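Computed over heavy atoms, backbone and side chain alike; hydrogens, waters and symmetry mates excluded. This one's a predicted model, so the numbers in the text were calculated from it and none came from an experiment. The sequence lines fix the lettering, A, B, ..., with proteins before strands; numbering per chain opens at 1.
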There are 2 protein chains.
Amino acid sequence: MTDAKSTEEKILEAAKQEFLEKGFSGARMEAIAQRAGINKALLHYYFRNKERLFEEVFAYFFRQILPGLRQIVESDAPVLDKMDRFVQHYIDFLRRNPDLPLFIMHELRTGPKERLRSLVEKKMTEFEYVRSFIMQIAMAGARGEIRAVPPLHIVLNVVSMCVFPFVARPMLMGVTGISETDFEELLEQRKTVVADFIRAALKP
Amino acid sequence: MTDAKSTEEKILEAAKQEFLEKGFSGARMEAIAQRAGINKALLHYYFRNKERLFEEVFAYFFRQILPGLRQIVESDAPVLDKMDRFVQHYIDFLRRNPDLPLFIMHELRTGPKERLRSLVEKKMTEFEYVRSFIMQIAMAGARGEIRAVPPLHIVLNVVSMCVFPFVARPMLMGVTGISETDFEELLEQRKTVVADFIRAALKP
DNA sequence: GTCTATAATTTGATAGAC
DNA sequence: GTCTATCAAATTATAGAC
């Protein structure tokens, strides 16, 4: 197919980059136009204003926040295996989208509160899977399959350990002084280290 | 004493709030002036421009990022006890400064890269303690006191589990639908849950 | 649909009186 | 030190030709 991207697609692509790098208030319409290889006026032709363009981009990223969770949660593997799979899959995903979490968190924190509510209402599906997962963990705990730890905290721990390195990346590299490639290596190790850590922590 | 705050202090106080809430690019000098009960001109009298005022504020917050670490690391308690103490102490600190991590991370990510370097050079003391802690963990692992897990990953895990709930707070409350007070309760529980989790994960 | 030119607004910063 | 008034620059948004 390799058909040239439509102008609208080019704009969205450019806007994603700019907003991701600078955040809403730091992003510049002019910069987005340049990235897209067009001029400002055309931005406003396709998307009325900065706010609307941002909403489009933000909603797109928000939908991606927990990819592939369904497959994992709905399978009939033991919960510990599901956690393994989640950790591996999620860290790989974040390596391809390293700025996503910080972007979402910052905009959720600084932006208007309606932003979250409207999105949660539409895209509750992923969140349903989170709740399902929590239930499954609770049941596994009840039947002694794993150690009794409050399920919500378990999920929090798992996600924390996956996401945090990406959020804290600049600090981490500043403190340890490790290189770009060492950091990548660290993330690769982390897929198994974190999975092991969780298994050990939940051993009955 | 109860002496009225000096104008400079009022400005800094106001600037901390504004920058913390909105970030550098989202903050408005006008808003800071209003919060401080003065006018814009006076801001520029005390701090030449927005950038300088921000640097002041940012450096202040940055210094606070790992409070009380020294006491914990330098004591001669077993490493696991130190981790307990760190978790309890750090979560309590973050409850009093819930927006600190996200603010630092976002500005480190979006701001000029010199920002980090200059601060790291000055305030390496806290980071030294982190490195000491990592060494202590490595040694504890070598003598079988804890399970053999790469020390850097252990520290990452500990910090992750403490910090992440604060970074992800809006998302967390959106997903689970829990109330403000329930969230506080969750954090309180977390002090012991996380400490336990780590102990279990590191049991030889 | 796309552009150039320009308006309208916001916002950081300064001049100068008190 | 503090204020009012104002400027200059940056930035979003629109008008109108092609």
Is any side-chain N of the basic residue among B/E13 and B/K10 closer than 4.0 Å to the acidic one's carboxylate O? no

If the sugar-phosphate is the primed atoms plus P, OP1 and OP2 and the base is the rest, what is the B/S/- string for nucleotides 6-13 of chain C, using protein heavy atoms under 4.0 Å? -----SBB

If you round to the nearest 0.5 Å, how far is CG of B/L80 from CD1 of B/I137? 9.0 Å

Can you pull the contact range of chain B along DNA chain D, 5' to 3', using atoms under 4.0 angstrom from its heavy atoms? D/dG1 to D/dT4

Measure the NZ-NE2 distance between A/K191 and A/H89 for me, rounded to the nearest 0.5 Å. 10.5 Å

salt_bridge(B/D76, B/K82) N-O dist < 4.0 Å: no

Ring centroids only, cut at 6.0 angstrom: are B/F103 and B/F19 within range, meaning strictly under it? no

Out of curiosity, A/I32 CD1 to A/I38 CD1, how far, rounded to the nearest 0.5 Å? 9.5 Å

For A/F197 and B/F197, take the angle between the two ring planes, folded into 0 to 90°, and tell me which bin it lands in: parallel under 30, tilted 30 to 60, perpendicular over 60. tilted

What does B/L43 touch in the nucleic acid at a heavy-atom separation under 4.0 angstrom: a base, only the sugar-phosphate, or nothing? nothing

Test item: B/R190 and B/M161 side chains (from C-beta on) under 4.5 Å apart, heavy atoms: yes

